[in-house]
Peer 1: 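My structure is below; once you've seen it, I'll send some questions.
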Amino acid sequence: MAPGGGATILHADLDAYYASVEQLLDPSLRGRPVAVGGGVVLAASYEARACGVVAGMPGWRARRLCPGLVTVGGHFAEYQRLAERVVEVLRSFTPVVERVSIDEAFLDVAGARRLFGPPARIAASLRRRVRDQVGLPISVGVARTKHLAKIASQVAKPDGLVVVEPDEEGRFLAPLPVGLVWGVGPATRARLAASGIDTIGQLATTPSVFLERALGQAVAGTLTSLAANVDPRGVAPGRSARSVGAQAALGRRIPSTELVWTTVGYLADRVAGRLRDAGQAGRTVTVRVRFADLRSCTRAVTVPRPVSATRTLAELATVAVHEVLEARPAERVVTLLGVSVGNLVPEKTLQLSLPFTGDVPGGGPATDPGGRLGARRWGSDRAVDAVRARFGRGSVGYARVILGHEGGVPEAFRELAERPVGGGAQRVRSPGAG
DNA sequence: TCTGGGGTCCTAGGACCC
DNA sequence: TCTGGGGTCCTAGGACCC
């Protein structure tokens with residue numbers, strides 16, 4: 001909703017979050033290039049970014065780019081704890097806080113003006129209090145819409161504040177690169193550049209018919225509403241997840257029957273466990289297989305009854321992975337397997353029937369004509385869930401030895417990145433390059 | 001010496017039904 | 001003999017975001 005009055009939407013974004021926490025915890029890291037993660041860079045400090053280090057980059061390449069780079073394993077529990085303290089600071093200004101990830105949130109301070117003054121002053125004191133009380137740098141953008149506030153906070157980084165007053169919007173946006181627009185990534189940017197469009201100002205003078213043909217209806221719509229300063233999205237708590245998935249990079253591996261069954265078993269265990277915790281089950285199972293050239297192939301299957309049993313999910317996913325492999329006989333190695341469940345519905349009852357019968361490669365026979373096995377599976381899953389609830393997720397589970405190769409990501413990092421399923425809880429995701 | 005993990009949404013085409 | 005249009009569901013791939 002485009003507010004009738006002034007700029008009251010704030011976008012608050014912690015700078016290089018994981019790396020900043022590391023520099024807070026260990027003062028000797030301050031001012032130095034820091035990368036969180038070993039095999040792959042999960043986050044980089046601004047000093048590291050200055051040498052070209054970015055999230056997602058292989059560790060060896062980051063160290064080559066940046067000889068003084070300090071690599072740390074990561075204090076994932078601290079990331080969670082400190083982010084909660086930052087959110088407490090935000091909520092001390094207004095209850096209207098929408099968290100979009102672990103390090104990022106929108107606020108609408110329209111109702112807080114009488115108490116705390118104009119939005120620009122609120123933003124400044126918010127930044128000061130996060131710095132004083134938590135010790136972290138945070139950038140804030142202030143504008144009339146979420147989209148514009150987000151662009152403003154990107155411009156403000158690092159450790160800055162940018163306020164876009166309503167009568168300055170056009171002048172503010174015009175010189176900015178199109179890549180700052182939400183939904184415009186590398187591919188769209190390249191396509192626009194091919195037409196000579198590099199700035200948001202140039203976009204504004206481009207016929208919408210052209211944009212729609214070149215970019216599709218959805219992205220063109222985003223651009224149009226930005227240009228018109230209309231943003232249909234108000235500040236509100238996030239929706240719950242619509243799918244739950246897990247994936248594991250494997251290095252280069254021959255996809256033996258055993259490797260597939262074991263890896264998919266581990267992934268299905270994670271996914272189904274999270275589904276059951278949330279009282280959800282899903283009808284569509286999607287697997288992803290990535291090959292040596294990093295291109296991936298997906299296969300989806302939709303079954304009549306929602307799935308949340310670990311074994312059932314593992315069987316469906318294993319069969320799907322083998323179908324992909326059979327469709328690509330030329331591929332000799334796989335580099336990643338993924339399992340995801342969508343079409344979620346609240347789980348009502350036991351899953352008494354299996355979607356198919358027959359042998360599962362690596363998993364033995366899955367024949368269950370009477371459906372009794374389904375009930376037993378439900379019971380044993382529940383038993384595992386109960387032990388985990390008491391003693392933690394690592395207390396029972398699939399052997400993860402297969403994932404012990406170099407470059408695997410810590411379990412705690414996976415958990416940080418999980419979005420809560422069901423219940424309309426806060427959305428918490430991992431920070432990006434920011 | 002090769003590239004993490006969690007998600008969302010869009011698009012296009014096909015099957016199927018009325 | 002030839003042929004309509006709309007709607008829904010599903011699948012595969014891809015772009016994008018954090």
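What you see below is based on every heavy atom in this structure, not just the backbone, and it leaves out hydrogens, waters and symmetry mates.
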Peer 1: Roughly, in whole Å, what's the span from CG in A/L215 to P in C/dA15?
Peer 2: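 From A/L215 CG to C/dA15 P: 13 Å.
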Peer 1: Rounding to a whole Å, what distance do you find between A/R328:CZ and C/dA12:C1'?
Peer 2: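 It works out to 11 Å between those atoms.
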Peer 1: Among the candidates B/dC9, B/dG7, B/dG6, find the nucleotide nearest to the side-chain atoms of A/R242.
Peer 2: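 Nearest to the side-chain atoms of A/R242, counting from C-beta on, is B/dC9.
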Peer 1: What is the nucleic acid contact for A/V184, judged by heavy atoms within less than 4.0 Å: base, sugar-phosphate only, or nothing?
Peer 2: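 Contact class for A/V184: sugar-phosphate only.
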Peer 1: With the side chain of A/A218 defined as its heavy atoms from C-beta on, choose the nearest nucleotide among B/dT11, B/dT3, C/dT11.
Peer 2: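 For the A/A218 side chain, the nearest candidate turns out to be B/dT11.
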Peer 1: Of the residues in residues 285-302 of chain A, which ones touch DNA chain B at a heavy-atom distance under 4.0 Å?
Peer 2: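 Residues of residues 285-302 of chain A that come under 4.0 Å of DNA chain B are, in numerical order, A/R290, A/L294.
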Peer 1: What contact category does A/V219 fall into here, base, sugar-phosphate, or nothing, at under 4.0 angstrom with non-hydrogen atoms?
Peer 2: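 No contact at all - A/V219 keeps every heavy atom at 4.0 Å or more from the nucleic acid.
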Peer 1: What nucleotide among C/dC16, B/dG7, B/dG4 has an atom nearest to a side-chain atom of A/V244?
Peer 2: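 Shortest atom-to-atom distance from the side chain points to B/dG7.
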Peer 1: Decide yes or no for A/F93 and A/R129: does some side-chain heavy atom of the first lie under 4.5 Å from some side-chain heavy atom of the second?
Peer 2: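 Counting from C-beta outward, A/F93 and A/R129 do come under 4.5 Å.
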Peer 1: By the 4.0 Å heavy-atom rule, please label A/R61 as base, sugar-phosphate, or nothing.
Peer 2: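 Nothing, no nucleic acid heavy atom in range.
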Peer 1: Could you tell me whether A/T188 contacts a base, only the sugar-phosphate backbone, or nothing, with contacts defined as non-hydrogen atoms closer than 4.0 Å?
Peer 2: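 Sugar-phosphate, backbone atoms only, no base.
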Peer 1: Should A/R414 be listed as having a side-chain N or O under 4.0 Å from OP1 or OP2 of B/dG5?
Peer 2: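 Yes, A/R414 has a side-chain N/O under 4.0 Å of OP1/OP2 on B/dG5.
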Peer 1: I'd like the P distance from C/dC18 over to B/dT3, given in whole Å.
Peer 2: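 Taking atom P in both B/dT3 and C/dC18, they lie 25 Å apart.
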Peer 1: Between A/S243 and A/V41, just flag the one whose closest nucleotide in DNA chain B comes earlier from the 5' side.
Peer 2: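 Taking each residue's closest nucleotide, the earlier one in sequence belongs to A/V41.
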Peer 1: When you get a sec, tell me which of C/dC17, B/dG7, B/dG5 is the closest nucleotide to the side chain of A/W182?
Peer 2: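 Closest nucleotide among those given: C/dC17.
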Peer 1: Nearest to the side chain of A/P186, heavy atoms from C-beta on, is which of B/dG4, C/dC16, B/dG6?
Peer 2: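 Of B/dG4, C/dC16, B/dG6, C/dC16 is nearest to the side chain of A/P186.
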Peer 1: Of all the choices, B/dG4, B/dG6, C/dT11, which nucleotide is nearest to the side chain of A/F413 once you look at every atom?
Peer 2: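 For the A/F413 side chain, the nearest candidate turns out to be B/dG4.
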Peer 1: Side chain of A/Q217 only, heavy atoms from C-beta on: which candidate in B/dT8, C/dC18, B/dT11 is closest?
Peer 2: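 Nearest listed nucleotide: B/dT11.
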Peer 1: Can you confirm whether A/L14 sits close enough to A/I102 that some side-chain heavy atom of one is under 4.5 Å from a side-chain heavy atom of the other?
Peer 2: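 A/L14 does not reach A/I102 side chain to side chain.
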Peer 1: Should the ring pair A/H11 and A/F106 be called parallel, tilted or perpendicular, given that the plane angle runs from 0 to 90° and is split at 30 and 60?
Peer 2: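 Because their plane-to-plane angle lies in the 30° to 60° range, the rings of A/H11 and A/F106 count as tilted.
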Peer 1: Mark yes or no for whether A/S308, through its side chain, and A/A272, through its backbone, hold a donor-acceptor pair below 3.5 Å.
Peer 2: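 It does not hold such a pair.
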Peer 1: Given Watson-Crick or G-U pairs with both distances under 3.5 Å, what dot-bracket string fits DNA chain B, with | for other-strand pairs and [ ] for crossing?
Peer 2: ....||||||||||||||
Peer 1: Please report the distance, rounded to the nearest Å, between NZ in A/K146 and P in C/dC17.
Peer 2: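 One finds 16 Å between P of C/dC17 and NZ of A/K146, rounded.
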Peer 1: NA contact type, A/V324, heavy-atom cut-off 4.0 Å: base, sugar-phosphate, or nothing?
Peer 2: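 Contact class for A/V324: none.
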Peer 1: Between A/R191 (CZ) and C/dC16 (P), how many Å, whole number?
Peer 2: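 Whole-Å distance recorded here is 7 Å.
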Peer 1: Tell me whether the count of non-hydrogen atoms from other residues, nucleotides or ligands lying under 6.0 Å of CD in A/Q217 goes above 12.
Peer 2: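 For A/Q217, atom CD is not crowded (no more than 12 foreign heavy atoms under 6.0 Å).
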Peer 1: Return the value, rounded to whole Å, for the distance between atom CG of A/L336 and atom P of B/dG7.
Peer 2: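 Result: 14 Å.
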Peer 1: The side chain of A/R419 is closest to which nucleotide in this list: B/dG7, B/dG5, B/dT1?
Peer 2: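 So the side chain of A/R419 is nearest to B/dG7.
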Peer 1: Would one find a side-chain N or O of A/T284 under 4.0 angstrom from OP1 or OP2 of C/dC10?
Peer 2: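 For A/T284, the contact criterion (side-chain N or O under 4.0 Å from OP1 or OP2 of C/dC10) is not met.
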Peer 1: Which nucleotide in the list B/dG5, B/dC10, C/dC18 gets nearest to the side chain of A/A249?
Peer 2: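 Nearest nucleotide to the side chain: B/dG5.
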Peer 1: Does A/R414 reach the main-chain N or O of A/Q247 with its side chain, forming a donor-acceptor pair under 3.5 Å?
Peer 2: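 Pair found, side chain donor or acceptor close to backbone of A/Q247.
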Peer 1: Since syn is defined as within 90° of 0, does C/dC2 count as syn or as anti?
Peer 2: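 Base orientation relative to the sugar is anti.
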